[in-house]
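Naming convention: chains lettered A, B, ... in sequence-line order (proteins, then strands); numbering from 1 in each chain.
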Amino acid sequence: MSPPVAVAPATPALDRPAATGQPIIVLQAIHKIYALGEEAQVHALRGVDLTITAGSYLAIMGPSGSGKSTLLNLLGCLDRPTAGRYYLGGEDVSQMSDDALSEVRGRKIGFIFQSYNLIPQLSVLENIQVPLLYQGLDLRAYEVRCIELARLVGLGDRLHHRPNQLSGGQQQRVAIARSLVNDPLMILADEPTGNLDSRTGAEVLDLIDRLNRDGKTIILVTHDDRVAARAHRIIHMRDGLIDREVINRAAPAAASPAHA
Amino acid sequence: MLSYQILSTVRLGIKSLLLHKLRSGLTMLGIIFGVCSVIAMLAIGEGASYEAQEAIKKLGSNNILIRSLKPPEAARQQAGGGAGFRGMSLKYGLTYDDAARLQATIPGVKRVVPMRIIRENVRFGRSEVPCQVIGTLPVYTEVTQVEILRGRFLTDVDELYKNNVCVITAGLAQRLFPAEDPMQHSVKIDAFYYRVVGIIRETGKAEQRTQAGRMEGQPLDNNVYIPLSTSRTRFGEILIRRMAGSFEAEEVQLHQVTVQMRDTAAVETADPQIRTLLKRFHDQNDYELIVPLELLRQAEATKRRFNIVLGSIAAISLLVGGIGIMNIMLANVTERTREIGVRRALGAKRRDITLQFLVETVVLSVGGGLIGVAVGMLTPVVVSMATEMKTIVTLWSVLIAFGISGAVGIIFGLYPARAAALLDPIEALRHE
Ligand SMILES: Nc1ncnc2c1ncn2[C@@H]1O[C@H](COP(=O)(O)OP(=O)(O)O)[C@@H](O)[C@H]1O
Ligand SMILES: [Mg+2]
């Protein structure tokens with residue numbers, strides 16, 4: 001286990017991914033305990049240590065109830081650990097206030113959900129803009145960037161469609177564009193292809209692979225071995241601990257610096 | 001920057017509300033009705049009280065009116081058997097002595113104007129019009145609002161020499177002299193001729209006099225003014241009324257005395273003094289006092305009470321509207337739990353969520369308020385056209401109604417918005 005801050009540089013600038021190979025996530029002895037009423041409690045994470053370097057492509061696997069979602073929620077700053085330290089881009093986020101965590105999520109993390117989670121009353125373009133809204137940014141100045149992102153995911157001609165006018169695969173691609181709009185340190189994906197048929201799922205995964213090739217750090221939770229096979233590093237969880245870790249040599253060679 | 005964000009939040013709110021048009025519309029109805037009814041009711045109340053106050057003001061706020069009344073016990077007696085019994089005349093009402101005593105003893109009196117009001121037919125050629133023949137003094141024009149259209153009013157000379165002259169109202173002139181010039185002619189009342197010396201229009205309150213003369217159903221502006229002295233000699237003190245198959249003789253010296261005071265302060269002190277004075281010389285209840293100033297105060301007090309009642313009704317209807325809005329917004333929050341979770345994950349702080357739902361509620365209530373103001377300003381116009389009631393939409397009623405609708409949005413939106421903001425993002429994201 002590596003010491004955290006020593007290797008973690010200061011918060012990288014938003015518009016530039018952290019240099020590949022630098023640890024951007026350092027988890028130290030993370031515990032998560034859910035209290036269920038008076039006496040009963042669930043020890044969902046029992047001291048997880050994990051370091052993730054910039055540009056990684058990491059898959060988290062494991063049986064149901066092993067703590068995958070709990071871990072992903074902590075990584076996504078949606079929750080705080082009961083004990084342990086979490087350094088994200090050099091910043092200790094393990095005991096931050098609710099507002100500070102919102103800020104971190106908005107600036108450093110992109111989310112892709114299993115059920116897309118687009119906002120139904122907004123158009124494709126507006127959905128992509130949502131994370132900017134909470135940065136207090138003037139959306140008009142970012143419109144070009146948002147349209148470019150929509151083109152990147154192949155929806156340049158659907159800017160003003162509503163989510164319910166799109167197929168599942170298209171919706172998930174909008175969600176991917178949305179996760180990129182704030183140029184996050186990493187993208188967290190919880191079963192991103194769980195609701196898609198294998199062909200559209202493969203298309204979405206191809207898109208995610210491409211993001212990683214361009215230097216984005218990807219962390220995804222999956223049950224599917226074929227999905228995990230695309231990652232460079234696979235973590236297997238069991239009973240709230242990392243059971244074993246596999247470095248996937250078969251994965252398509254990537255991780256070379258994006259803008260090389 | 002901030003205003004831009006608020007603007008885009010408002011736009012987002014409108015968008016979310018338009019997603020459920022029917023529901024949003026129904027929710028707004030409560031506020032629409034509340035605001036509309038406040039404005040409309042206040043406009044009708046304001047119009048009514050304006051009319052009442054104008055009417056009272058025309059009586060003159062420096063005046064005290066005293067009218068002769070047939071005492072109820074005497075009237076019963078007469079009806080009980082004395083009716084038509086010749087030689088027995090019923091004597092009641094104000095006397096010439098009363099008028100003189102009022103002038104002499106009440107401090108602050110400017111002038112006292114006595115009036116005899118007799119119902120007679122007035123004739124010219126073949127036309128005959130039932131009228132009120134009013135015997136009074138030249139100062140009558142000082143206490144009543146009278147506009148002299150042609151000629152002159154009665155003069156002291158007329159009074160002194162008991163001249164057979166008259167001044168008629170414009171309406172009567174038209175009815176009696178459709179073709180001729182009234183100023184060239186005389187009219188016949190009872191057995192005597194009176195030369196027309198003037199035509200006036202009364203801007204004062206004609207119907208009050210009608211009551212005094214007990215001539216309900218008469219056209220209001222058929223009045224003939226003659227000198228008081230002439231009235232006394234020509235008609236005598238005993239007035240005979242022909243009723244169906246019988247006679248009714250009354251002895252009434254004066255039908256009305258208008259006491260004009262120096263100022264409103266004098267009105268207040270004179271009121272009880274006049275009551276005491278009259279009580280000393282009248283052993284029956286054969287007169288009534290009308291104090292316009294007091295009526296004005298009562299009208300104002302009534303209006304205040306009316307406004308309080310209206311305010312309470314309005315408050316209740318807006319409260320109900322507010323509860324309706326809160327109810328819908330709570331359902332809205334539950335329905336959009338997932339959206340709230342997504343927004344939180346994408347960086348929204350609690351206060352962003354609070355603001356979003358609060359803005360939505362305020363858009364609902366203020367939107368309802370705007371529609372309510374429009375409908376509420378239109379309703380009085382329609383009421384005025386349909387019923388000839390006067391209505392006045394005041395700016396403050398519009399501002400208050402609109403302000404309250406905004407306040408309702410904030411007050412009743414706060415709880416649902418807070419509930420939305422306090423949702424746990426993970427739970428919210430898991431919500432189906
Ligand atoms: N909010 C919660 N309250 C109580 N227990 C929870 C909660 N979330 C997860 N758990 C428990 O924590 C353990 C790990 O759950 P989870 O991280 O969802 O596993 P996985 O995603 O691997 O299926 C499970 O036993 C689960 O029941
Ligand atoms: Mg799970």
Side-chain angles (χ1 to χ4, degrees), chain A residues 32 34 44 69-70 72-80 96-123 126-141 162-164 175 178-182 184 188 190, chain B residues 1-24 329 332-357 359-360 363-364 418-432:
Chain A
K32 182 69 191 179
Y34 293 109
S69 296
T70 305
L72 203 71
N73 287 339
L74 285 174
L75 286 172
C77 293
L78 288 164
D79 207 353
R80 280 173 289 238
M96 274 187 172
S97 72
D98 190 85
D99 274 4
L101 285 179
S102 299
E103 189 81 29
V104 170
R105 289 196 296 271
R107 286 196 293 110
K108 298 189 176 175
I109 302 170
F111 286 94
I112 301 171
F113 304 96
Q114 177 173 359
S115 46
Y116 331 130
N117 280 341
L118 300 181
I119 294 170
Q121 62 267 37
L122 301 182
S123 69
E126 288 166 333
N127 263 291
I128 296 175
Q129 289 170 331
V130 170
L132 299 175
L133 199 67
Y134 299 115
Q135 304 302 301
L137 299 171
D138 190 334
L139 298 185
R140 287 167 296 192
R162 290 287 153 95
N164 60 11
R178 177 177 69 183
S179 76
L180 292 170
V181 75
N182 55 354
L188 301 182
D190 195 352
Chain B
M1 194 66 219
L2 190 72
S3 67
Y4 169 79
Q5 259 185 315
I6 299 253
L7 204 75
S8 57
T9 312
V10 170
R11 259 217 317 273
L12 176 71
I14 293 171
K15 225 173 246 173
S16 304
L17 293 171
L18 286 180
L19 213 58
H20 304 282
K21 290 189 191 69
L22 181 66
R23 188 207 284 178
S24 303
M329 286 311 289
N332 208 349
V333 167
T334 307
E335 189 174 278
R336 286 160 65 190
T337 300
R338 177 78 81 108
E339 176 191 331
I340 294 162
V342 174
R343 287 180 182 277
R344 295 281 278 129
L346 300 184
K349 299 191 175 72
R350 288 201 164 130
R351 95 173 93 85
D352 295 319
I353 302 294
T354 307
L355 189 69
Q356 181 190 338
F357 281 88
V359 162
E360 250 176 68
V363 165
L364 259 187
R418 213 50 212 146
L422 290 176
L423 286 173
D424 174 37
I426 299 169
E427 295 290 331
L429 275 171
R430 255 209 297 264
H431 192 263
E432 274 316 308

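- For a residue to count as touching a neighbouring chain, one of its non-hydrogen atoms must lie under 4.5 Å from one of that chain's; by this rule A/L78 touches chain B with backbone and side chain alike.
- The candidate with the highest count of non-hydrogen atom pairs below 4.5 Å against chain A, out of B/A345, B/P425, B/G341, is B/A345.
- Remark: side-chain polar atoms of B/K15 are not paired, donor with acceptor, to backbone N or O of B/V10 under 3.5 angstrom.
- Proximity to chain A involves both the backbone and the side chain of B/R343, based on heavy atoms less than 4.5 angstrom apart.
- Heavy atoms closer than 4.5 Å to chain A are found in the side chain of B/Q356, but not in its backbone.
- Checking side-chain atoms of A/N73 against main-chain N and O of A/T70 turns up no donor-acceptor pair under 3.5 Å.
- There is no contact between B/L18 and chain A, counting heavy-atom distances below 4.5 Å.
- When heavy atoms are compared at a cutoff of 4.5 Å, A/L122 approaches chain B solely by way of its side chain, counted from C-beta outward.
- Between A/E126 and B/R11, none of the side-chain N atoms (NZ, or NE/NH1/NH2) sits under 4.0 Å from a carboxylate O, so this pair counts as no salt bridge.
- Judged purely by atom type and a 3.5 angstrom limit, B/R338 uses its side chain to pair as donor or acceptor with the backbone of B/H431.
- Under a 4.0 Å N-O distance rule, the pair B/R430/B/D424 does not qualify as a salt bridge.
- With a threshold of 4.5 angstrom between heavy atoms, A/L139 approaches chain B through its backbone and through its side chain.
- Residues A/R105 and A/Y134 are not in side-chain contact: their nearest non-hydrogen atoms beyond the backbone lie 4.5 Å or more apart.
- Both the backbone and the side chain of A/R140 come within less than 4.5 Å of a heavy atom of chain B.
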